[in-house]
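The next block holds one structure in the form of structure tokens; read it before the comments.
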Amino acid sequence: MPFAANPAPQPDDYASLRARLRAARVGVVGLGGLGSNVAWMLARAGIGTLVLADHDVVVANNLERQFYFTDQVGLPKTEALAANLARIDPSVRLECFQTHIDETSLGEVFAGVDVLVEAVDSAHDKALIVAVASERLPGTPVVAASGVAGYGSPNDIITRHLMGDVWMVGDLVSEVSAEHPLFASRVAIAAGHQAHMVVRILLGFPQV
Amino acid sequence: MLVEVALFAHLTPYLPEAGAGGTTGSPHARTIDLPDGTTVGQVIARLELPDEPRIVFVGGRHAADDHVLAAGERLAIFPPVAGG
């Protein structure tokens, strides 16, 4: 259905929209610059349950763009993020997995999620997660990202319905490198796109 | 058999000239005539795509390199890049 055909929510509909989001369970794989920021946006949006997975710990240079604080350096990202999200909304249910997500664990950790957010760093892992999700979580929308590095235009970051159940956020080509590092501002733009696409999918607006 | 092949991002220049637009008119797609029994891996080799991580879908689902294509199917290949 075209977006224009959907009436704008009336003020008294807001509670029902929030209720739909509160009933949702969303997975986030990778809790770095994309995933940690997607997670707080989803918490503030009122998502009821977040399934969070990352094997890593917080290091000092993560603070340049990730949703952690100086006193959390050395903590597992799952533990640090859970603490930060609880300060935003302690009623959000959190299922945390400090583990590397692979072919076997993805289907187990994220079974039953309504939407999966791919927020990992390496191209290999991005391809793996989308492929395995298609096989192990069939029919589950996946909101992925590719091309978020560098200081290119903010307006080159867009959301596309790529194929099947996959939405892709980014400019598609800006790979992280020494010449094109990750900037908090551009990564956060991409994270905002991902979080908002999740909200739209959950509210029944899967078109971009 | 005719198969639609869509290549995204920096893979688009690897599309052949003929068959522009595929069935959907997409600038990323071509309709390509392939022998019966052609696999996804054989299309990747024929187009000489670089050896790099790829998201490969056929008909809206992930497909491995040994997937045998059928007439009318749509093969879509997307190359994710690092960063997150």
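Chain identifiers are assigned alphabetically (A, B, ...) following the order of the sequence lines, protein sequences preceding nucleic acid strands; residue numbering begins at 1 within each chain. Any value given below was found using the heavy atoms of this structure, including those in side chains, with hydrogens, waters and symmetry copies removed.
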Contacting region of [X] [heavy-atom separation from chain B under 4.5 Å]:
X: Leu162(A); answer: both
X: Val173(A); answer: both
X: Val166(A); answer: side chain
X: Pro181(A); answer: neither

- [ ] Counting only heavy atoms closer than 4.5 Å, note whether Arg54(B) contacts chain A via side chain, backbone, both or neither.
- [x]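 Contact with chain A is through the backbone of Arg54(B) alone.
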With a 4.5 Å cut-off on side-chain heavy atoms, are His100(A) and Asp125(A) touching?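 Contact flag for Asp125(A)/His100(A) side chains = yes.
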Could you tell me which non-hydrogen atom of Arg186(A) sits nearest to which non-hydrogen atom of Ala149(A), and how far apart they are?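 Scanning both residues, the minimum pair turns out to be NH1-O, 2.7 Å.
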Exercise. Is it the case that more than 12 heavy atoms not belonging to Phe69(A) sit under 6.0 Å from its CZ atom?
Worked result: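 Enclosed: over 12 neighbouring heavy atoms sit under 6.0 Å from CZ of Phe69(A).
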Is the closest side-chain donor-acceptor distance between Ser174(A) and His180(A) under 3.5 Å?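 There is no such pair (donor and acceptor under 3.5 Å, judged by atom type) between the side chains of Ser174(A) and His180(A).
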Just checking, any donor-acceptor pair under 3.5 angstrom between side chains of Arg25(A) and Thr49(A)?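 Thr49(A) and Arg25(A) do not have a side-chain donor-acceptor pair below 3.5 Å.
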Max heavy-atom pair count under 4.5 Å with chain B, selected residue of Ala127(A), Gly164(A), Gly35(A)
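Top option by heavy-atom pairs under 4.5 Å: Ala127(A).
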